[in-house]
Number of protein chains: 2
Amino acid sequence: MNRQLTLTKCLNVKWEGHADCQHCAIRKNDIFANLDVAKYAALLRPILQYNFPAKALLYAQGTPATDVYVIRNGIVKLEETLSDGSVRIVRLLQSGDAVGIETVLDAHQSYDQTAVILRGAAVCKIPSSVFVKLEKENPEFHRVIMEEWHRQLNAADKVIVDFSTGTVHDRVARVLINLAENSKKRNLIEIEMLGVEDIAALTSIARESISRVMANFKRDGLLEKSGPNRMRYNWDGLNDLVKHS
Amino acid sequence: MNRQLTLTKCLNVKWEGHADCQHCAIRKNDIFANLDVAKYAALLRPILQYNFPAKALLYAQGTPATDVYVIRNGIVKLEETLSDGSVRIVRLLQSGDAVGIETVLDAHQSYDQTAVILRGAAVCKIPSSVFVKLEKENPEFHRVIMEEWHRQLNAADKVIVDFSTGTVHDRVARVLINLAENSKKRNLIEIEMLGVEDIAALTSIARESISRVMANFKRDGLLEKSGPNRMRYNWDGLNDLVKHS
DNA sequence: CGAATCTTTGAATCCTCTCAAGTCTTGTGG
DNA sequence: CCACAAGACTTGAGAGGATTCAAAGATTCG
């Protein structure tokens with residue numbers, strides 16, 4: 001919770017005004033793909049665009065669920081705080097995903113998890129009412145929403161199968177590879193790295209163990225620091241690692 | 001995969017004929033709650049009812065997704081097989097849940113996981129076409145389906161937060177408590193136990209370690225064998241265990 | 001009743017965590 | 001712009017926990 005930024009407090013959050021869905025380049029990948037935005041222009045007006053810095057808090061677990069956020073770019077983590085105070089990330093959401101999708105459920109007034117920006121992200125903030133209206137008026141739309149639920153399930157399953165299973169070594173390798181896949185630029189092997197703390201929360205591994213494993217990867221020539229928070233990958237090498245395990 | 005039973009092969013599977021949705025007692029808890037079944041009687045005709053024994057295979061990961069199964073009672077596990085041959089359970093589904101819900105997605109022709117009956121279960125088998133038609137004709141219904149997606153997400157999150165985090169001791173305790181919660185009879189503290197293998201796949205713990213932990217619980221008077229595959233709980237004792245951790 | 005499967009237990013090893021100290025970064029204020 | 005403080009990351013050593021391998025008990029099912 002330290003140094004997280006709320007929407008209203010943080011000066012670094014850039015409010016970019018009403019979203020221009022008609023000309024949004026990201027839209028072809030997100031939940032509004034295939035939506036006739038011209039037709040729904042009036043309805044879409046309340047949608048606002050923001051630029052959040054890393055560590056910004058979108059919403060906290062248990063608070064009233066009022067908006068759905070669509071990620072234009074960047075990565076958002078959904079996390080839960082355990083009874084002992086430690087934090088567990090239950091999934092990573094990326095470009096095109098809808099953060100806080102539980103908002104659309106009738107009997108659901110509060111967010112299931114805490115949503116925090118991982119890498120600086122541009123998001124559209126959609127009031128619950130708009131979302132629900134869209135869904136009721138447009139049969140195509142709720143089909144898209146179901147696909148979003150499915151993507152979220154896949155993201156959760158990935159945390160279970162890839163990030164929470166096997167040795168510390170394997171799990172960290174899978175996280176690294178997944179980060180590279182997320183960036184969708186296979187050949188650009190330079191990646192903006194997650195903090196050790198976040199990898200820990202994603203894998204349920206001690207911070208120190210992660211540090212050690214990554215030090216090994218560096219020694220083996222699989223990783224290389226290429227700037228602040230940036231790593232250069234040996235993509236094939238890392239991939240071999242997971243394949244053989 | 002050993003000793004699993006397919007729908008067609010197994011003699012123990014009781015085909016109970018067409019589902020009688022109009023008089024189904026379970027319906028008030030499942031996805032057909034609030035559905036005017038009389039109105040859709042014709043559409044619901046193709047739905048079949050089965051009684052599966054434990055270990056029966058509903059469907060395998062990657063095979064064509066043709067049906068959605070609704071659990072009338074019992075528990076179903078969704079599992080994925082890892083590259084090294086080991087198996088990981090990604091969630092447990094129970095009474096009222098829809099198994100294989102990804103079938104409703106347009107661009108989805110195959111099941112995401114393998115679905116296996118854990119405890120003997122009664123299920124209704126709903127052809128994809130029926131499910132999709134219902135969803136298109138009845139606006140109420142797709143709302144219910146969204147709630148089902150949500151339940152599945154919660155089930156996956158539980159595997160992450162409760163069953164894959166903390167010490168072996170804690171994780172097993174949480175599984176035991178969860179099994180008791182599932183049965184919804186708090187005072188009846190006698191539970192049908194999962195096999196060690198399944199708890200292992202659910203928690204990513206070695207079979208032997210689980211055996212050891214449960215032996216400790218028995219020594220501490222928290223558990224007690226009360227029949228084949230059955231355990232009597234010390235509910236409060238087990239609960240204290242998780243609270244304090 | 002016997003074979004196959006599943007579970008339990010033991011002992012040794014290996015892995016991961018914890019605690020602690022030191023290094024490196026980052027951001028802030030002089 | 002530099003210095004300092006706070007935070008983040010790294011590294012080491014030791015303890016403790018979990019896994020592995022192996023073998024003996026239980027159960028289940030034919």
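In what follows, every chain begins at residue 1, and chains take the letters A, B, ... in the order their sequences are listed. We use all heavy atoms of the structure for the numbers below, so side chains are in, but hydrogens, waters and symmetry mates are not. Nothing here was measured: the structure is a model prediction, and the numbers come from that model.
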- Closest heavy-atom pair, A/Ala156 versus B/Leu153, reported as atoms and distance to 0.1 Å, is CB-CD2, 4.3 Å

- Please name the pair of heavy atoms, one in B/Asn234 and one in B/Gly237, separated by the smallest distance, quoted to 0.1 Å. OD1-N, 2.9 Å

Using whole Å, what does the distance between atom [atom2] of nucleotide [N] and atom [atom1] of [X] come to?
X: A/Arg230; N: D/dA8; atom1: CZ; atom2: C1'; result: 19 Å
X: A/Lys55; N: C/dG27; atom1: NZ; atom2: C1'; result: 11 Å
X: B/Lys225; N: C/dT8; atom1: NZ; atom2: C1'; result: 10 Å
X: A/Met193; N: C/dT26; atom1: CE; atom2: P; result: 15 Å
X: B/Asp170; N: D/dG17; atom1: CG; atom2: P; result: 12 Å
X: B/Asp84; N: D/dT20; atom1: CG; atom2: P; result: 10 Å
X: B/Leu223; N: C/dT7; atom1: CG; atom2: P; result: 15 Å

Atom pair [atom1]/[atom2] of [X] and [Y] - distance to nearest 0.5 Å:
X: B/Tyr69; Y: B/Thr103; atom1: OH; atom2: OG1; answer: 8.5 Å
X: A/Asp112; Y: A/Ile101; atom1: CG; atom2: CD1; answer: 11.0 Å
X: B/Leu241; Y: B/Ile177; atom1: CG; atom2: CD1; answer: 7.0 Å
X: B/Ile191; Y: B/Met231; atom1: CD1; atom2: CE; answer: 11.5 Å

- Query: Which of these passes side-chain hydrogen bond (donor to acceptor under 3.5 Å, both in side chains) with B/Gln113: B/Glu80, B/Arg88, B/Gln61?
  - Reply: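 One option only clears the test, and that one is B/Glu80.
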
- Task: Please list residues of residues 203-218 of chain B whose heavy atoms come under 4.0 Å from any atom in DNA chain C, ordered by number; otherwise none.
- Result: B/Glu208, B/Ser211, B/Arg212, B/Ala215, B/Lys218

- Scan for salt bridge (Lys or Arg N to Asp or Glu O under 4.0 Å) pairs involving residues 198-207 of chain B, sequence neighbours excluded, and state none if there are none. B/Lys77-B/Asp198, B/Glu197-B/Arg207

- Query: At how many degrees, to 10°, do the end axes of the helix from C/dC1-D/dG30 to C/dG30-D/dC1 meet when each uses five pairs?
  - Reply: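 Its terminal axes enclose an angle near 50°.
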
- Message: Can you work out whether B/Asn229 or A/Gly195 has the more 5'-proximal nearest nucleotide on DNA chain D?
- Response: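 The 5'-side residue here is A/Gly195.
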
- Query: Counting side-chain heavy atoms from C-beta on, which of D/dC9, C/dT16, C/dC6 comes nearest to A/Val196?
  - Reply: D/dC9

- Please report the C-alpha distance between B/Arg151 and B/Asn154 in whole Å, then the side-chain angles of each, then the deciding distance to 0.1 Å, and finally whether the side chain to side chain donor-acceptor pair (under 3.5 Å) criterion is met. CA-CA 5 Å; B/Arg151 288 180 71 182; B/Asn154 285 342; over 6 Å; no

- Starting at the 5' end of DNA chain C, which residue's closest nucleotide do you reach first, B/Arg219 or A/His169? B/Arg219

